[in-house]
Engineer: 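One structure, pasted below without further comment.
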Amino acid sequence: MTTRLRLAAHTLRLPRRAQHTLARAQHTLASLPARVRIYELGARDGLQNEQRIVDAATKIELIHRLARMGASSVETTSFVSARAVPQMADCEAVMAGVEQREGTDYPVLVLNLKGFERAKAAGARSIAVMAVPSVTFARKNNNCTPAETVERAATVAAAANAAGMRVRGYVSCALGCPFEGAMEPAAVADLAEGLQAAGCHEVCLADTIGTGTPGSMRALLLEVLPRVPSDQLAVHCHDTYGQALANIYEALQHGVSVIDSSVAGLGGCPFAGPGASGNVATEDVVYMLDGLGIESGVSFEQAVDAGEFIVQALGRHNSSRAAVAFQRRGRPSGSAAASRPGGRLPGESWKQAADELSEPPAEAPPRRLFPYGPLSSVRGDAV
Ligand SMILES: CC(C)(COP(=O)([O-])OP(=O)([O-])OC[C@H]1O[C@@H](n2cnc3c(N)ncnc32)[C@H](O)[C@@H]1OP(=O)([O-])[O-])[C@@H](O)C(=O)NCCC(=O)NCCSC(=O)C[C@@](C)(O)CC(=O)[O-]
């Protein structure tokens, strides 16, 4: 008997109101993807706006940790003007030093043909391009018009595809521009479709300054999804107004299964004006996904370790709520870390704690319990 049938039999014994609640929960969970891919931005978007220049060796070590923690993609650097973004001046050295793991994608951001030629010469196998709907942001960030951002992206994508590279396309300011406010969802959808037609295997809707809400994310997805299918979409949420996780949850319910994030919540575009905060923290995203029973392949503990590594190098605070809570309190009951209050034993480094915690417990506890039982049964997965 499938879990769904067993569940149906079980719910008949519940009061009518509880049956409705359960049916609603089951409907929501049924629409969530079972697995998502994490596109990690800590080494590129995460660092590009930091004033303290991080040396190439530290960036390379960070990239290795991000790959080891299980991110599907680790955006490695950007091939842009060193005058415009001094932190990315060492892009060639970083590319040369990264030992690429089998099964991990290492895209680099490229905004024009000059950047593409540099990336190709440095051995990049995967790139990201961008299109911008806002006139002011396109001028400040890309030194061209919105239409020219699409033309440049298409030119670069064609060259990259001809060279056998994978191409992702960002639509920046998808939920708002720092200078022009809300963007028309239809205009964003036009750019998303344009990037896909230009040869991008994946289109990422970027809330560059984190002004979106689940309402505006839903309105945007309803406009974009008829034109670009959910399995070719990603979302990139900054957390300026504390909406990033809610926006991601909204996107998950529409079938989007590639999530951008940055360890320790680092990041931001240097051309987006003051007050825009970092990306949603990878640790927070993974904590939420683990709680939803959605596989990401990312180890929460190793994400905390990577985030701590880079915030210590930068001498700044960690913006991940989940990482900070984990360091103070450990994981809540039911998780492997819970048996070790504080997550880390006295004198133990985060790396040791993470290695220790990633070892499977002798008898695995039931994972991800939902008040009505294991999440998979509520979702109605067949067994
Ligand atoms: C847009 C460009 C490339 C200008 O593009 P351009 O208009 O083609 O530049 P140009 O021809 O006017 O050249 C200006 C100068 O830049 C040099 N140059 C031109 N291109 C390159 C290159 N590829 N590599 C190295 N140097 C370059 C070029 O050689 C020249 O140097 P000069 O002769 O004055 O000494 C430039 O303005 C630039 O690099 N801007 C930086 C933009 C940037 O990196 N922004 C942050 C990343 S975007 C982001 O974070 C958003 C995202 C993706 O995460 C999603 C989201 O949240 O929205």
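Whatever order the structure lists ligands and atoms in, that order sets their numbers, starting from 1. These numbers were taken from a predicted model, which means no experiment stands behind them.
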Engineer: Show the atoms of ligand 1 that are less than 4.0 angstrom away from any heavy atom in His238.
Structural biologist: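 Taking each heavy atom of His238 in turn, ligand 1 has 57 (O) under 4.0 Å.
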Engineer: Just do the side chain to side chain contact (heavy atoms under 4.5 Å, CB included) check on Ile248 and Val285 with the steps written out, would you?
Structural biologist: CA-CA 8 Å; Ile248 290 169; Val285 173; 3.9 Å; yes
Engineer: Between Glu61 and Arg65, does any side-chain N to carboxylate O distance fall below 4.0 Å?
Structural biologist: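 So Glu61 pairs with Arg65 through a salt bridge.
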Engineer: Assess the residue pair Glu75 and Leu109 against the criterion (side chain to side chain contact (heavy atoms under 4.5 Å, CB included)); give the C-alpha distance rounded to whole Å, side-chain angles, the decisive distance to 0.1 Å, and a yes or no.
Structural biologist: CA-CA 8 Å; Glu75 200 170 284; Leu109 183 68; 4.0 Å; yes
Engineer: Are any of the side-chain heavy atoms of Val129 and Cys200 separated by less than 4.5 Å?
Structural biologist: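 With C-beta onward as the side chain, the pair touches.
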Engineer: Could you tell me whether atom 42 (C) of ligand 1 has at least one protein heavy atom nearer than 4.0 Å?
Structural biologist: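 Looking at atom 42 (C) of ligand 1, one finds that a protein heavy atom does lie closer than 4.0 Å.
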Engineer: Heavy-atom distances under 4.0 Å are what count here, so tell me which part of Asn142 touches ligand 1: side chain, backbone, both or neither.
Structural biologist: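 Within the 4.0 Å criterion, Asn142 contacts ligand 1 through backbone atoms alone.
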Engineer: At a 4.0 Å threshold, what atoms of ligand 1 neighbour a non-hydrogen atom of Tyr170?
Structural biologist: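 Those atoms are 53 (C), 55 (C).
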Engineer: What atoms in ligand 1 come closer than 4.0 Å to a heavy atom of Leu111?
Structural biologist: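 Result: 42 (C), 43 (C).
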Engineer: Is the centre of the Phe326 ring less than 6.0 Å from the centre of the Phe300 ring?
Structural biologist: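 Distance test on ring centres: under 6.0 Å, yes.
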Engineer: Considering only heavy atoms, does Asp45 approach ligand 1 within less than 4.0 Å through its side chain, its backbone, both, or neither?
Structural biologist: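 Contact part for Asp45 vs ligand 1: side chain (C-beta onward).
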Engineer: May I ask you to check whether Thr149 and Asn142 show a side-chain donor-acceptor distance below 3.5 Å?
Structural biologist: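 On atom types as modelled, these side chains do not qualify, holding no pair under 3.5 Å.
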Engineer: Quick one: does Arg152 get within less than 4.0 Å of ligand 1, heavy atoms only?
Structural biologist: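 Judged by the 4.0 Å heavy-atom criterion, Arg152 does count as contacting ligand 1.
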Engineer: If the cut-off is 4.0 Å to any non-hydrogen atom of Ala206, which atoms of ligand 1 fall inside it?
Structural biologist: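 Checking each atom against Ala206, I get 55 (C), 56 (C), 57 (O), 58 (O).
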Engineer: Hey, does Met183 have a side-chain heavy atom less than 4.5 Å from the side chain of Leu220?
Structural biologist: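 Not touching, per the 4.5 Å side-chain cut-off.
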Engineer: Where the side chain of Ser261 meets the backbone of Ala281, is there a donor-acceptor pair that is under 3.5 Å apart?
Structural biologist: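 Between the backbone of Ala281 and the side chain of Ser261 there is no qualifying donor-acceptor contact (under 3.5 Å).
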Engineer: Is there at least one protein heavy-atom neighbour under 4.0 Å from atom 6 (P) of ligand 1?
Structural biologist: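 Given the 4.0 Å limit, the answer for atom 6 (P) of ligand 1 is yes, a protein heavy atom qualifies.
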Engineer: Would you mind reporting whether Ser257 and Asp231 have side-chain heavy atoms less than 4.5 Å apart?
Structural biologist: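 A side-chain contact is absent here, since even the closest heavy-atom pair is not under 4.5 Å.
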Engineer: Any side-chain heavy-atom pair from Cys269 and Gln48 closer than 4.5 angstrom?
Structural biologist: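 A side-chain contact exists here, since the closest heavy-atom pair is under 4.5 Å.
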Engineer: Could you tell me whether the side chain of His254 and the main chain of Leu222 form a donor-acceptor pair under 3.5 Å?
Structural biologist: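 Looks like no, no N/O pair under 3.5 Å.
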Engineer: Is it true that the NZ or CZ of Arg168 lies under 6.0 Å from the centre of Tyr170's six-membered ring and within 45 degrees of the ring axis?
Structural biologist: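 Yes, Arg168 and Tyr170 form such a contact.
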Engineer: How far is atom 49 (C) of ligand 1 from its nearest protein heavy atom, and which residue and atom name does that atom have?
Structural biologist: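 Nearest protein contact, heavy atoms only, for atom 49 (C) of ligand 1 is Arg44 NH1, 3.6 Å.
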Engineer: Checking a contact table here: which protein heavy atom is nearest atom 50 (O) of ligand 1, and how many Å away?
Structural biologist: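 Looking at atom 50 (O) of ligand 1, the protein heavy atom closest to it is Gln48 NE2, 2.8 Å.
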Engineer: Near Gly115, which atoms of ligand 1 are under 4.0 Å from a heavy atom of that residue?
Structural biologist: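 Selected atoms, number and element: 23 (N).
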Engineer: Heavy-atom contacts under 4.0 Å between Ser172 and ligand 1: side chain, backbone, both, or neither?
Structural biologist: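 Near ligand 1, Ser172 shows its backbone as well as its side chain.
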Engineer: To which protein heavy atom is atom 18 (N) of ligand 1 closest, and what is the distance rounded to 0.1 Å?
Structural biologist: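 It is Ser81 CB, 4.0 Å.
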Engineer: Starting from atom 29 (O) of ligand 1, which protein heavy atom do you reach first, and at what distance in Å?
Structural biologist: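 Answer for atom 29 (O) of ligand 1: Lys114 NZ, 2.9 Å.
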Engineer: Should one rank Arg83, Met130, His236, Glu148 by closest heavy-atom distance to atom 34 (O) of ligand 1, which comes out on top?
Structural biologist: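 Ranked by closest heavy atom to atom 34 (O) of ligand 1, first place is Arg83.
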Engineer: Can you confirm whether something in the protein, heavy atoms only, sits under 4.0 Å from atom 52 (C) of ligand 1?
Structural biologist: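 Yes, there is a protein heavy atom closer to it than 4.0 Å.
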Engineer: For ligand 1, note which part of Phe271 has a heavy atom under 4.0 Å away: side chain, backbone, both or neither.
Structural biologist: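 Only the side chain of Phe271 comes within reach of ligand 1.
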Engineer: Identify, for atom 8 (O) of ligand 1, the protein heavy atom at the shortest distance, and state residue, atom and that distance.
Structural biologist: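 Ranked first by proximity to atom 8 (O) of ligand 1 is Asn112 ND2, 3.2 Å.
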Engineer: Quick one: does ligand 1 sit under 4.0 Å from the side chain of Val85, the backbone, both or neither, non-hydrogen atoms only?
Structural biologist: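 Side chain only.
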Engineer: Heavy-atom distances under 4.0 Å decide this one: backbone, side chain, both or neither, for Met88 against ligand 1?
Structural biologist: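 Neither part.
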Engineer: With backbone taken as N, CA, C and O and side chain as the heavy atoms from C-beta onward, which portion of Gln87 lies under 4.0 Å from ligand 1: side chain, backbone, both, or neither?
Structural biologist: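 Within the 4.0 Å criterion, Gln87 makes no contact with ligand 1.
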Engineer: Thr76 side chain to Val74 main-chain N or O, any donor-acceptor pair under 3.5 Å?
Structural biologist: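 Such a contact is found between Thr76 side chain and Val74 backbone.
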Engineer: Okay, side chain of His236, backbone of Leu205: is any donor-acceptor separation there less than 3.5 Å?
Structural biologist: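 The answer is no, because no donor-acceptor pair under 3.5 Å joins these two groups.
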Engineer: Who's the nearest protein heavy-atom neighbour of atom 24 (N) of ligand 1, and how far?
Structural biologist: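 The closest one turns out to be Arg118 NH1, 2.8 Å.
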Engineer: Can you see whether Asp284 engages Ser320 through a side-chain donor-acceptor pair at a distance of less than 3.5 angstrom?
Structural biologist: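 The answer is yes; a qualifying pair exists.
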Engineer: Purely on distance, is any nitrogen or oxygen of Phe79 under 3.5 Å from one on ligand 1?
Structural biologist: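 Phe79 vs ligand 1: N/O contact under 3.5 Å present.
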Engineer: Check each of Arg44, Glu50, Lys59 against Gln87 using the side-chain hydrogen bond (donor to acceptor under 3.5 Å, both in side chains) test, and report the only one that passes.
Structural biologist: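 Testing each of Arg44, Glu50, Lys59 against Gln87, the sole residue satisfying side-chain hydrogen bond (donor to acceptor under 3.5 Å, both in side chains) is Lys59.
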Engineer: Looking only at protein heavy atoms, identify the closest one to atom 45 (N) of ligand 1 and say how far it is in Å.
Structural biologist: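 The answer is Asn141 OD1, 2.8 Å.
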Engineer: Got the closest protein heavy atom to atom 9 (O) of ligand 1, with its distance?
Structural biologist: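 Of every protein heavy atom, Asn143 ND2, 4.0 Å lies nearest to atom 9 (O) of ligand 1.
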Engineer: With a 4.0 Å heavy-atom cut-off (strictly under), which part of Leu109 contacts ligand 1: side chain, backbone, both or neither?
Structural biologist: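 It is the side chain that gets close, since no backbone atom is under 4.0 Å.
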Engineer: Heavy-atom distance from atom 14 (C) of ligand 1 to the protein below 4.0 Å?
Structural biologist: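 No, no protein heavy atom sits under 4.0 Å from atom 14 (C) of ligand 1.
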